[in-house]
Amino acid sequence: MKKIIVTGVTGQDGSHMVEYLLKNTDHKIYGAVRRLSVKNHENILHLENEPRFELINMDLNDAHSMRDVVIDLQPDYFINFAAQSFVAGSWDYPIQTWDTDSNAVLHILESIRRFAPSCRFYNAGSSEEFGDVICSPQDEKHPLRPQSPYGAAKCAARHLVRVYRESYDLYAVQGWLFNHEGVRRGLDFVTRKISHSIAKIKIALDSNKTIPILKLGNIEAQRDWSDAEDFMEGVWLMLNQDAPKNYVLASGEMHTVREFLEETLKCANIEFKSEGSEDNEKYYTLDGQLIFEVDPKFYRPAEVHELCGDCSLAEKEMGWTRKTDFAGLVKKMYESDYALLTR
Ligand code: NAP
Ligand code: GDD
């Protein structure tokens, strides 16, 4: 039985990855968690009694904890999903973002090189590395033009992964994953903020309660959104090729934040009218109740205006495909949040 370390298992991707690996492999999975004052294991609670899944302690901000785990376990695979993953937060915590998203990757690579050189390593790369894009769609050849401390840290990690792969002949890769969402998405990210808020608004409208107004920043930003569950197979395929290579995983479709909002309102059967523009834009129900407004507080110091991925290489060389489309993703997220709030 092979041993796989997965970091970030309390988050969205890590928890989906553990489920994917339990279902599709016979390997033993070690889910790395850090100690927090208040435990946040909701995404993995259902896996607690799974014999092939075990939790281990590891903090990406402590090099010793990563080294010791690699020495003790001698893993066959190391999948690093842990990160300070909130782009907007990376201006508030640039040093912590750099330490977690870049320095920690160097510590993992060093531990693998020194103590488990046959271990295959995946680091979670991002379309945010393409940043201020020069053409659309973006494929593996698009230059790195990060716009945030988060994007810069992921670019640094990408160079480190390549340098270690080439210098020490490690199987080390960093895919470029475009935005992927789902029912386990953190509430700060725009898609989940929308699905959760619109479900709350729907419940308030139906029960004549005070409307909790949704406030968003740049609703003209365009993203390439997929279902996180569809990406797990792509990551596993990337780790199991004859030779290590980085691939783009994406949907190839671009939608604005406004489109995501309006598609969610459609799912909730809320008809609306719009008033004002730019910083002053607001949406009202047809009987005049305010449900949404632009709030410049959510604008970023620098923005990535558009992202659209070209995943044809991953499709051609690894045979990877995605299953859920944009409308399906919005529906799944809205219905899950509505069920959660009315349970
Ligand atoms: P997420 O839900 O925010 O999960 C992040 C995970 O990292 C959490 O489990 C968190 O643990 C853990 N973590 C943070 N700091 C840590 C530390 N110092 N030590 C140990 N664990 C730590 O993120 P996600 O959406 O699943 O994304 C997974 C990875 O893919 C991230 O690297 C992200 O940057 C990258 N990525 C995501 C997307 C996307 O659209 N989702 C796209 C491209 C790349 P706690 O619960 O303890 O905080
Ligand atoms: N979070 C948030 N909150 N974003 C908003 C809001 C708001 O109220 N209003 C508008 N937006 C816009 C942001 O300015 C951005 O252009 C877009 O919505 C998406 O924001 P997020 O959902 O926070 O995601 P992201 O694209 O910045 O980053 C995500 O995707 C990256 C891959 O491209 C994260 O998952 C990163 O970890 C990931 O690397």
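Remark: side-chain polar atoms of S336 are not paired, donor with acceptor, to backbone N or O of M333 under 3.5 angstrom. Without hydrogens or angle criteria, K2 side chain to P75 main chain gives no donor-acceptor distance under 3.5 Å. With hydrogens and angles disregarded, a donor-acceptor distance shorter than 3.5 Å links the side chain of N43 to the backbone of T10. Counting only distance, with no hydrogens or angles, the side chain of N280 and the backbone of G276 share no donor-acceptor pair below 3.5 Å. Y338 places no side-chain N or O within 3.5 Å of a backbone atom of H196 that could act as its donor or acceptor partner.
Note on K332 versus E229: salt bridge recorded, some NZ/NE/NH1/NH2 to OD/OE distance being below 4.0 Å. A salt bridge links R162 to E166: one of the charged nitrogens lies within less than 4.0 Å of a carboxylate oxygen. Salt-bridge annotation for K245 and E140: absent, with no side-chain N of the basic residue lying under 4.0 Å from a carboxylate O of the acidic one. Between E293 and K215 there is a salt bridge, with a side-chain nitrogen of the basic residue lying less than 4.0 Å from a carboxylate oxygen of the acidic one. Under a 4.0 Å N-O distance rule, the pair E303/R223 qualifies as a salt bridge. Taking 4.0 Å as the cut-off between side-chain N and carboxylate O, D76 and R120 do not count as a salt-bridged pair.
Taking a 6.0 Å sphere around CG of D169, one finds it holds 12 or fewer heavy atoms contributed by other residues, nucleotides or ligands. Counting non-hydrogen atoms of neighbouring residues, nucleotides and ligands closer than 6.0 angstrom, the CG atom of L45 exceeds 12 such neighbours. Around the CG atom of D287, the shell of radius 6.0 Å holds more than 12 heavy atoms that belong to other residues, nucleotides or ligands.
Alongside I134, the hydrophobic cluster contains no other residue (criterion: ILVMFWY side chains under 4.5 Å).
K193 forms a cation-pi arrangement with F298, by the criterion of a distance under 6.0 Å to the ring centre and an angle within 45° of the ring axis.
Residues passing the salt bridge (charged side-chain N to carboxylate O under 4.0 Å, His left out) test with E19, sequence neighbours excluded: R184.
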Please list, one pair per line, the donor and acceptor atoms closer than 3.5 Å that link side chains of residues 308-316 to other protein atoms, with sequence neighbours excluded.
| residue | atom | partner | partner atom | Å |
| --- | --- | --- | --- | --- |
| D310 | OD1 | S312 | N | 2.9 |
| D310 | OD1 | S312 | OG | 2.6 |

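Note: Y122 and F78 fail the aromatic proximity criterion, with ring centroids not under 6.0 Å apart.
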Determine, step by step, whether W176 and Y247 satisfy the ring-ring contact (aromatic ring centres under 6.0 Å, His included) criterion, reporting the C-alpha distance in whole Å, the side-chain angles of both residues, the deciding distance to 0.1 Å, and the verdict. CA-CA 6 Å; W176 283 274; Y247 292 92; 9.3 Å; no
Go through E181 and R192 one step at a time and tell me if the salt bridge (Lys or Arg N to Asp or Glu O under 4.0 Å) criterion holds. CA-CA 8 Å; E181 319 291 319; R192 184 78 196 285; over 6 Å; no
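In this pair, F292 and Y283 present their aromatic rings perpendicular. The plane angle is above 60°, beyond the 30 to 60° band. Taking the six-membered ring for Trp and thresholds of 30 and 60 degrees, H180 and F231 have ring planes inclined between 30 and 60 degrees apart.
Considering all non-hydrogen atoms of both residues, S15 and I44 come closest at CB-CG2, 4.1 Å.
Side-chain atoms of M17 and F81, non-hydrogen and from C-beta on, do get closer than 4.5 Å to each other.
To the nearest 0.5 angstrom, S127 atom OG is 12.0 Å from E306 atom CD.
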